[in-house]
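Keep in mind the model is a prediction, meaning the values are calculated, not measured. Naming convention: chains lettered A, B, ... in sequence-line order (proteins, then strands); numbering from 1 in each chain.
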Amino acid sequence: MTKSVRVRYAPSPTGYPHVGNIRTALFNWLFARHYGGSFIVRIEDTDVARKVEDALQAILDGLRWLGMDWDEGPEVGGKYGPYFQSQRLELYRQTAERLVSQGDAYYCYCSLQRLEEMRAEQVRHKQQLGYDRHCRYLSDEERSAKKKEGITPVVRFQTPLSGQTGFNDLIRSQVVFDNNTLDDFVLLKSDGYPTYHLASVVDDHLMEISHVLRAEEWLSSTPRHLLMYQALGFEPPQFAHLPMILGADRSKLSKRHGASSITEYREQGYLPEAMVNFLALLGWSLDDRTEILSRQELIDKFSLERVSQTAAIFNHEKLYWMNGVSLRELSHEELLRKIMPFLESGLPKEVKRPISKEYVSRIVPLIRERINTLAEAATYADFFFLDELEYETSMLMGKKMTTETTVKALKAVQEKLSLLENFNRDSLEGTLRPLAKELELNTGQLFSPLRVATTGRTAAPPLFETMVVLGKERCLHRIMVAIGKLLNK
RNA sequence: GGCGCAUUCGUCUAGGGGUUGAGGACACCUCCCUCUCAAGGAGGAGAUCACCGGUUCGAAUCCGGUAUGCGCUACCA
């Protein structure tokens, strides 16, 4: 590679950052970092009608959250700016005019209505869809007449009627199109804004983009872009079309497939490192066995040669598993820090705020192997914070236990524990195990009612550790409540 | 309708002419560990490599066709 690597992520602020989009950003970012090149963010805000107000912020926040820093773009600037296409309109207009004057583009005065009718007609007759080139063949008189009518024209590219346009896609190798299957597409809209085709070609050239890594949906547009590069005398970048990410039903991933915006994953307690790891493996692989890779390993190992050619279905379950792995790799301190806000926002409102960090610090070791997302901490560990536990009385009774034997067992525990001086793991175990024997119960038969009594659930962290964190008083109180429930049944 | 891209376990994927009776991961099942649930460990089940032809001594791997899926075919990106 002689030229320095310069790649761009070019989102359109028309919606929240979709995971498919973010995956494209990630591959660009990894590619740039791998080759020590530049990662540029360029905002393609050329669709005024579809613009969404906070989309830009959400996109930038998403990138930052995932640790994808950009060398040029919004908020950081750069010498190829501005990085908002809405601020570069003059450049596109000039280029469009140049193409018109050199005979590679023309003004089109066709009304939206005419275009619509033409299209309907084509569909009806099962003809090839596309602009019929009506205005391409306007005489000078007709042209000036249209001009006099005051119609603001669009500029269309004058696509060659014959020949072929091909290129070597870095992921799909040789791809060829017949020029006669391409229509005269719009370069400049009547509102003065460029279409994607014009803007991206102009900007990629001006910004000296070396490689265009974009989603496969752009593959069919690439010959148009190449024809423009040719007409303009620009050297085209290298192209690589990334496989798409689909939903479980194989259609384009969307809201009905569950969370599709990166923001939602963040809110659900997914970790950026898990997200990056998972997204990297959607369409790329290192070898036949590596699943867990750090950010640095990803940068070191990433290569276009190992990007797959097939669309991938977004597998939520695997992400969920991977998040659990990442979560368990966090240090105690880090996990604690990340869990705090989720507890603050996720615990029932009757729990007093602020939540004590010291207290949570004692809970974290008990739940870290039992949760897969940060948000789950709040639902899994709520009994550590609640005063009143809600559960079915029947849950208190273990295998082959009756109300009587359960009450008897809990009363025995109550008695033993109230006499206990040091309420710690070992003293609890040293007390309760022998007690089971005394009562002629197996450990499960004694521990499971006790677990339900103290936590309100049948699945919880290890009993003794849990009881220690809850404290003697609270445990005794909860056991008393449980006995009461059984007797009032 | 036209054009393009793709097609290996349910899913993500490895493998790109013989060492593959196709490897790994998620999910699923069994067992171990164990006070429950997890985590961890050990196993299991799961793919006629879309189909049909061809090339070859030999094809999941190369070629052609068919089918299916997806994408593009907008004054959206």
Salt-bridge contact [X]-[Y] (side-chain N to carboxylate O under 4.0 Å):
X	Y	answer
A:Arg114	A:Asp132	yes
A:Arg42	A:Asp204	yes
A:Arg93	A:Glu90	yes

Nucleotide B:rC26, atom C1' - distance to CZ of A:Phe314 in whole Å: 13 Å
Which nucleotide in the set [options] lies at the smallest distance from any side-chain heavy atom of [X]?
X	options	answer
A:Arg224	B:rU73, B:rA74, B:rC26	B:rU73
A:Arg289	B:rG23, B:rG1, B:rA6	B:rG23
A:Val175	B:rA77, B:rC5, B:rG1	B:rC5
A:Lys318	B:rC76, B:rC26, B:rA74	B:rC26

Suppose you measure atom [atom1] in [N] against the same atom in [M]; what distance do you get, rounded to whole Å?
N	M	atom1	answer
B:rC62	B:rU7	P	10 Å
B:rU61	B:rG21	P	15 Å
B:rA74	B:rC12	P	31 Å
B:rC52	B:rA59	P	14 Å

Expected output: side-chain A:Asn28 to main-chain A:Val7 donor-acceptor under 3.5 Å: no
Distance-only donor-acceptor test (3.5 Å): side chain A:Ser220, base B:rG71: yes
N/O donor-acceptor pair, side chain A:Thr181 with base B:rC3, under 3.5 angstrom: no
Nucleotide-resolved protein contact map, nucleotides 32-51 of chain B, B/S/- at heavy-atom distance under 4.0 Å: ---BBBBS------------
List every contact pair, protein side and nucleotides 13-17 of chain B side both N or O, where the distance is under 3.5 Å.
from	atom 1	to	atom 2	distance (Å)
B:rU13	OP1	A:Gly283	N	2.8
B:rU13	O3'	A:Ser285	OG	3.4
B:rA14	OP1	A:Ser285	OG	3.1
B:rA14	O3'	A:Arg306	NH2	3.3
B:rG15	OP1	A:Arg306	NH1	3.0
B:rG15	OP1	A:Arg306	NH2	3.3

Phosphate OP1/OP2 of B:rG1 contacted by A:Gln127 side-chain N/O (<4.0 Å): no
N/O (side chain, A:Lys189) to phosphate O (OP1/OP2, B:rC76) under 4.0 Å: yes
Check: A:Glu376/A:Tyr320 side-chain N/O donor and acceptor closer than 3.5 Å: yes
Watson-Crick or G-U wobble mate for B:rG4, both contacts under 3.5 Å: B:rC70
Nucleotide forming a Watson-Crick or wobble pair with B:rA38, both distances under 3.5 Å: none
A:His225 and A:Trp218 aromatic ring geometry - parallel, tilted or perpendicular at 30°/60° bounds: tilted
